[in-house]
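Just so it is clear: chains get the letters A, B, ... in the order the sequence lines come, proteins before strands, and each one is counted from 1. Just so we're clear, the structure is a prediction, and the values are computed from it rather than from any experiment.
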2 protein chains.
Amino acid sequence: MRDVTVGTETVLGKATLILRSFAIGDQALPLAELVRRTGLHKATVYRLCQELVALRLLARESSGYRLSGGLFELGMRASAERGLLELAIPFLLDLYERTHETVHLGVLDGAEVVYVSKINGHRQVRSPSRVGGRMPLHCTAIGKVLLAFGDPSLRQSVLSKPLERRTPHTIVAPGSLSKAVTAIRRTGVAFDREESALGITCVAAPLVGADGAVAAISLTGPTGRFRPERHVAALQATAVALSNVMVRRGFPGYRGG
Amino acid sequence: MRDVTVGTETVLGKATLILRSFAIGDQALPLAELVRRTGLHKATVYRLCQELVALRLLARESSGYRLSGGLFELGMRASAERGLLELAIPFLLDLYERTHETVHLGVLDGAEVVYVSKINGHRQVRSPSRVGGRMPLHCTAIGKVLLAFGDPSLRQSVLSKPLERRTPHTIVAPGSLSKAVTAIRRTGVAFDREESALGITCVAAPLVGADGAVAAISLTGPTGRFRPERHVAALQATAVALSNVMVRRGFPGYRGG
DNA sequence: GACCTACGTCTCGGTGAGCGAAACGTTCGA
DNA sequence: TCGAACGTTTCGCTCACCGAGACGTAGGTC
């Protein structure tokens, strides 16, 4: 399902390839499926899976293998994400209580958004975002904020490649996007009006740590009911308060990778 | 800092050993520290770290290595934890809004609690729990619930070993714990009155999935102000509602490992 | 300045862990 | 009854991995 270009010739490379071949919604995958996705030899995948199970990185199920709790534990020790998350949670809760809309916290990694937290109530908004998941920069509110307040070289590299059209509303003209980004830099707020998924509207504001823009928070709702303009004040207030704490604590700043 | 007994003779074993040698609060660890913690040869750790960086499982910092965002992404795909988490979040939020106290969601893994979620406001409760972290069963509210509603063999094995004393209030007499567990089974609620950490009080209730008790939720607060008895009703109501949803969705059930 | 220690990096020859072709038993559905 | 797909196991070859050791540097002590 994914092709990794680095080091498939080493054991470690093969093992990570297997682990990463699990998509975000997957439950248990049978051996043959892993063979298909990774392109590795059947015996190799079999042997490695055995070992990964012994190491508690995979778990055996009747229908195949799944990523195990050991990986969850390990992942939650990644310091950059965890530090930001622990700092942010009380603020995200504030925002949720004031609005009762879905709250996201996202960071930049490479040229994509990675969602670090998602807080939502019972009202189901069928948004494609998931914690630990990725989305493009140009069609999400958080992404556009990161684009606007991030490194200029990033802006250039994103604008130089063709932009993927996700919905009829996705901004794919580099000129329009560039203009939008400039406006976002001025206003400090970005919108996503069904640009990443139909029926979904978002607003986002930047979080500025001790060393520049590092992350963003957003509110998400269904296009009909959800009025993003109404929540701009609360969103920005939260973003500013959280940014202050980040700076005060000398937050090291989120660095992708 | 930790000794893993499996497969240190394979590359994969060594790599996981390195990754797991990061404790939960660690930022960046220098090479020498990793050598010390793992007991591996300097050149080996060096080589493996190089490769782990290339695979985006570690990140290079001026002061050493840290667990990278790639691990966070991977960890969030662990299906059992993620499935439970996504289902539970709206309910945990309800509970937080009603009480404004710290909410935990924990599951059983081996003979310990693993925290899957922690929701807290600005009021800092200096509790030792962290998402992805572990605590013993016998001295935490969630742990005692899991003990009470979990497999009888687990109960026996925990009671047969000497119980670690964490505070003067920790129940270390097997007889007393056994009695407490019986009471918990009857009442459906467990308390932790400064048994795991001084100044910390908790209440917990079980989550029962399609195939038996699989998890527990709890409320935590500072001993002085926090009155656990006042929140029992809200806690249990939330637990029941969430359990119902778990059963209705045929929640596969959390299985450790 | 001279000495020492600790650290990160790199080299190199020996060897055993890992490789993949192939065979095997089983369970499906055709 | 046949065939296809799957999980499992064997086996001999070979190359990726190992660890002793050397090297340059930084920092601390006398």
Indicate whether OP1 or OP2 belonging to dA5(D) is found under 4.0 Å from a side-chain N or O atom of Arg36(A).
no
Atom-pair distance (OH on Tyr46(B); C1' on dG24(D)), nearest Å:
13 Å
Send over the distance from Leu29(B) CG to dC7(C) P, rounded to a whole Å.
13 Å
Against the side chain of Tyr65(B), the closest entry in dT9(C), dC17(D), dG7(D) is dT9(C)
Carboxylate-amine/guanidinium proximity below 4.0 Å for Glu73(A) and Arg20(B):
no
Could you state the atom-to-atom distance from CD of Glu33(B) to P of dC7(C) in whole Å?
9 Å
Per atom distances to the Thr44(A) side chain, the nearest of dT9(C), dC19(C), dT8(D) is dC19(C)
Phosphate-side-chain proximity, Lys42(A) and dT9(D), N/O vs OP1/OP2 below 4.0 Å:
no
Any side-chain N or O of Thr10(A) less than 4.0 Å from the OP1 or OP2 oxygen of dA16(D)?
no
Whole-Å distance separating the CG atom of Leu48(B) from the C1' atom of dC18(D):
10 Å
Please classify the nucleic acid contact of Ala32(B) as base, sugar-phosphate, or nothing, using heavy-atom distances under 4.0 Å.
sugar-phosphate
Is the Lys NZ or Arg CZ of Arg60(B) less than 6.0 Å from the centre of Tyr65(B)'s six-membered ring, within 45° of the axis?
yes
If only side-chain N and O atoms of Lys14(B) are considered, is one of them under 4.0 Å from the OP1 or OP2 phosphate oxygen of dC18(D)?
yes
N-O pairing of Glu86(A) and Arg130(B) below 4.0 Å:
yes
Looking at Arg47(A), I'd like to know whether one of its side-chain N or O atoms comes within less than 4.0 Å of OP1 or OP2 on dC11(D).
no
Hey, is Glu9(B) close enough to Lys14(B) for a salt bridge, meaning N to O under 4.0 Å?
no
So which one's nearest nucleotide on DNA chain C is more toward 5', Leu40(A) or Ser63(B)?
Ser63(B)
Take the protein atom CG of Leu34(B) and the nucleotide atom P of dA6(C), then report the distance between them rounded to whole Å.
18 Å
Asp26(A) and Arg37(A) ion-paired at < 4.0 Å:
yes
Arg60(A) side chain: which of dC6(D), dT8(D), dG8(C) is closest?
dT8(D)
